[in-house]
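Worth knowing before you read on, the calculation uses all heavy atoms, side chains too, and leaves out hydrogens, waters and symmetry mates. Quick caveat, the model's predicted, so the values are computed rather than measured.
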Amino acid sequence: MKTKKILISSLCVLLSVSLFFSIFELFEIQELLSVNQYIKYHSRSEIPNEYKWDVSHVYSSAEELGDEIEKTNALLLQCAHSLKEVKPQDVNKLLDDYFELEQKAKKMSNYMQLHGLIGEGDKIEQGDIIESIYKKTSSIYRYICTIIVSFSQEEIKQIYTNSVKYQKVIDYVRKHQDEMKGDENLNDIVNQIEQNYHTITDSINFPTVKYSDGSTLNLNYSSFILCMQNKNRNLREEVYSTYYNTYKSNSESLAENLLEYAFYCDMYSKTKGFNSTLEFSLWRTGVNENIFNSAVDAVLENTSLLSQYNRKRKSILSLPDYEMYDVYVSPYKERNIYIPYEEAKKIIIAALTPLGEEYITVVERAFEENWIDVYSTRDKDDSSLQVDFFDVHPYILINYQGTESDLYTLVHELGHAVQSYMLSDKYEYWEFGVPEFLVEIPSTLNEILLSEYFINSVSEESEYMNSTFKYLDKIKTNVFKQAQITLFELKLYDNEIDTNNIGTIYKEINDLFYGETVNSDQLISYEWCRLSSLYMNFYAYQYITSFGAAMYIFNSLNSKKEALFIGKYDDPIEYMREYDVDFESKSMYNILFDKMNQLLLTVK
């Protein structure tokens with residue numbers, strides 16, 4: 001039934017494409033942010049090698065990968081055999097073997113992911129074998145955890161008598177034993193429903209923007225934001241209307257899928273002994289409810305700053321009314337219409353210089369050694385992310401289009417990648433990783449440094465004002481928007497939402513943030529359709545905590561550099577308290593909102 005609905009809605013969209021083309025052909029190319037400067041490549045073969053990641057750093061040939069599969073299968077059998085009878089004195093050797101297995105399995109899985117992200121997944125002939133190895137490895141880990149949990153306190157002491165190497169792992173497993181409870185079939189269902197969201201959205205036929213010279217731009221998440229930043233208001237209105245009407249045509253299937261996802265997440269959480277998905281999500285990341293509430297409450301108590309921000313935007317734009325399609329466009333002249341990638345690299349290196357020589361050296365390596373896949377093609381994933389490799393280096397996926405927003409995306413992903421690379425030098429594989437609750441802090445700090453660089457490196461007042469609003473935009477997106485998403489999640493998991501009122505409730509929350517200053521039209525009721533973060537179970541609020549902590553660290557950067565590097569099994573809250581970052585206190589966010597207020601005061 002869902003498939004039929006998708007096909008019908010897609011046909012409706014196709015009928016409107018010819019009309020959409022005629023609208024866009026009225027606009028001059030230069031009114032579209034010189035889009036043609038970055039629409040260069042239709043296939044990967046056209047892209048120069050220096051702008052593509054080099055996966056041969058992981059495995060130099062299919063033969064090397066084949067050998068690794070053979071070795072990993074042998075290690076898998078060895079670990080499985082070791083599980084038949086495990087005594088306390090066997091645990092350290094078992095964990096040695098397991099982490100060697102996991103490192104190999106994850107490396108192969110991530111290698112396969114790299115190919116999939118650039119549309120070349122079919123080139124990995126052994127893909128099914130790699131996926132099977134990874135699943136079996138995960139099963140072995142779960143079984144090892146059940147063994148560790150089953151030991152008495154005396155037996156645990158016996159393990160530590162032999163060696164304390166894995167004490168953090170063992171303590172973590174025993175502390176988080178509730179996470180191993182529950183019906184894993186429900187988890188599989190949850191994962192499948194999440195995948196269904198991407199299947200539905202991938203099947204939506206958004207119209208294509210066609211220019212008078214015959215070139216085109218596919219309307220998608222990235223190009224939608226690009227068009228919303230355009231100075232041509234008629235363009236913004238037409239793209240906004242077309243984009244959200246397309247989602248409107250598919251909203252029923254998307255609503256059913258999201259509600260089904262929330263239902264099974266809640267069921268899964270309760271089988272683990274938790275009262276709600278929120279309780280489980282917070283516990284899993286080592287966070288208590290006070291931290292969650294402090295973040296959300298701090299934002300709600302400062303929505304007046306968002307209203308000031310929007311009033312100043314409207315005034316400077318000299319608009320008779322202020323609509324939702326006006327909230328992305330810069331009220332000042334852009335510093336650059338198009339920023340070549342080579343220039344972007346120089347800007348980023350200059351902006352991140354305060355983090356020190358060692359940090360910059362890693363950034364330069366990322367640029368010079370093909371860690372980054374830069375330009376988009378039709379078959380490439382349109383997201384931005386980084387993929388970890390402990391014994392190689394991380395890889396970064398972006399879709400560079402030459403805007404300032406792309407610089408922020410790149411500097412954000414570099415925050416993740418540099419942290420990953422530097423952690424691999426500091427820790428052994430088994431403790432390599434960052435607690436989820438802290439993972440966004442280094443990338444957010446990078447964004448703050450880029451904003452500060454732009455503000456401090458311009459000479460003309462109009463450029464200063466433009467940079468100031470870009471900075472304010474980052475706060476709006478990472479703080480206020482994430483609070484808006486979090487409030488929607490709370491209502492979703494409190495069973496206040498159904499297929500009939502989902503749009504109404506989303507609009508009510510949107511009005512809470514924008515209603516005082518922006519005309520909140522009905523189409524914004526469908527914005528939730530494009531929010532993939534709704535399938536990440538209360539992850540959005542972590543952008544608020546990360547921005548607050550990153551601003552706190554920036555405020556006294558020299559003494560806080562080490563706060564960026566923490567082991568996988570360290571307590572994130574206690575670790576950050578050593579650096580005077582108290583997530584339970586709303587006052588921790590004062591520096592953030594004071595900064596926003598200072599920026600607003602400079603706007604004329």
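Note: Leu254 CG to Thr201 OG1 = 7.0 Å, rounded to the nearest 0.5 Å.
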When the side chains of residues 485-492 are checked against the rest of the protein, which donor-acceptor pairs come out under 3.5 Å, sequence neighbours left out?
residue, atom, partner, partner atom, Å
Thr486, OG1, Gln482, O, 2.7
Thr486, OG1, Tyr541, N, 3.4
Glu489, OE2, Phe538, N, 2.8
Lys491, NZ, Glu496, OE1, 3.1

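Taking the ring axis of Tyr514 as reference, the NZ or CZ atom of Lys507 does not stay both within 45° of it and closer than 6.0 Å to the ring centre. With Tyr408 as the aromatic partner, Lys474 meets the cation-pi criteria of under 6.0 angstrom to the ring centre and within 45 degrees of the ring axis.
You'll find the ring centres of Tyr268 and Tyr264 outside the 6.0 Å limit.
Asp326 and Arg233 are joined by a salt bridge, as a carboxylate oxygen and a charged side-chain nitrogen come within less than 4.0 angstrom of each other. The residues Asp473 and Arg313 are annotated as salt-bridged, a charged nitrogen and a carboxylate oxygen being separated by less than 4.0 angstrom. With respect to the salt-bridge test (charged N to carboxylate O, under 4.0 angstrom), the residues Glu323 and Arg236 do not qualify.
Pairing each heavy atom of Ser294 with each of Phe583, the nearest pair is CB-O, 3.9 Å. Closest approach of Ala417 and Gln386 over heavy atoms only: CA-OE1, 3.7 Å. Closest non-hydrogen pair, Tyr261 versus Asn537, comes out as OH-OD1, 3.2 Å.
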* Asked: Do Asp373 and Lys380 pass the salt bridge (Lys or Arg N to Asp or Glu O under 4.0 Å) test, and can you show the C-alpha distance, the side-chain angles, and the key distance before you say yes or no?
  -> CA-CA 10 Å; Asp373 206 82; Lys380 181 178 174 180; 2.8 Å; yes
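Checked by atom type, the side-chain pair Ser405/Gln229 shows a donor-acceptor distance below 3.5 Å.
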